[in-house]
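Since the structure comes first, as C-alpha cells, the remarks are kept for the end.
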Amino acid sequence: MEVSRHPFYVFDLDEHASLMSFVWTEKSVAMTVDDYKDAIREYARLVLEHRARCALVDLRKFRYRVEDADVLRSWWADEIAPLYNQAGLEKFAFVLPEGEQAPPDETPAKAEAGEKFVTKQFGSKQAAISWLTADS
C-alpha cells in the first residue's frame with residue numbers, strides 16, 4: 001500500500017510483513033541536503049507511526065550526492081536512529097545501486113552504536129525482502 005509519494009521518493013507499507021519501503025527516484029539528483037533530511041525524517045516518522053518491524057531503502061535510482069557524510073552520520077545517530085528504536089524496528093535493509101558491490105550474503109547484519117536494529121546491504125531487492133521477512 002502506497003503511504004506517500006514525492007518526486008524524489010515513494011513510501012510503501014506491507015502491513016502483513018510489517019515492512020516499510022523507501023524507494024528513491026532518479027529525480028533525487030535535484031535534491032538539496034534539506035530535501036534529503038526531510039525525506040529521511042518523513043520515513044522515520046512513518047516507520048514509527050506504523051510500528052514497522054522491517055525497513056527497506058532502495059537506492060537503485062538514488063542520484064543525490066551526499067556532501068558531508070560525517071555530519072549526516074551524526075545527525076542520523078542523534079535524530080533518526082532513536083525514532084527507529086522507539087518504533088521497535090528490528091531489521092533495516094539497503095538495496096545498493098547497480099555498480100556498488102554488496103557484501104557477501106553470509107556477512108552478518110550488525111547494529112551500530114545506539115541502534116536496537118540490525119542493518120544489512122544487498123545487491124537485489126528480492127534478497128533484501130527475503131532477509132527482512134525471514135523468521136529471526
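Checked for salt-bridge contact, R60 and E98 miss the test: no charged N lies under 4.0 Å from a carboxylate O.
W75 is listed as a side-chain neighbour of I80, based on a closest heavy-atom distance under 4.5 Å. At least one side-chain heavy atom of L72 sits less than 4.5 Å from a side-chain heavy atom of V33. A 4.5 Å side-chain heavy-atom check between M20 and L56 finds every atom pair outside the cut-off. Put simply, the side chain of K91 does not reach to within 4.5 Å of the side chain of R53, judged on heavy atoms. Using a 4.5 Å cut-off on side-chain heavy atoms (C-beta onward), F94 and Q121 make contact. Here the side chains of V66 and Y36 are in contact, with some heavy-atom distance below 4.5 Å.
Side chains of W76 and E115: a donor-acceptor N/O pair is present below 3.5 angstrom, by distance only.
Between Y64 and F62, the ring-plane angle classifies as perpendicular under the 30° and 60° cut-offs. Ring geometry for F11 versus Y9: interplanar angle under 30°, hence parallel rather than tilted (30 to 60°).
A side-chain contact (heavy atoms from CB on, under 4.5 Å) with Y43 is found for one member of L83, V57, V3 and no other, namely V57.
For R5, the CZ atom is loosely surrounded, since the number of other residues' heavy atoms within 6.0 Å does not exceed 12.
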Listed pairs under 3.5 Å, donor-acceptor, residues 106-113 side chains, sequence neighbours left out:
unit_1 : atom_1 : unit_2 : atom_2 : d
T107   : OG1    : P104   : O      : 2.9
K110   : NZ     : E112   : OE2    : 3.4

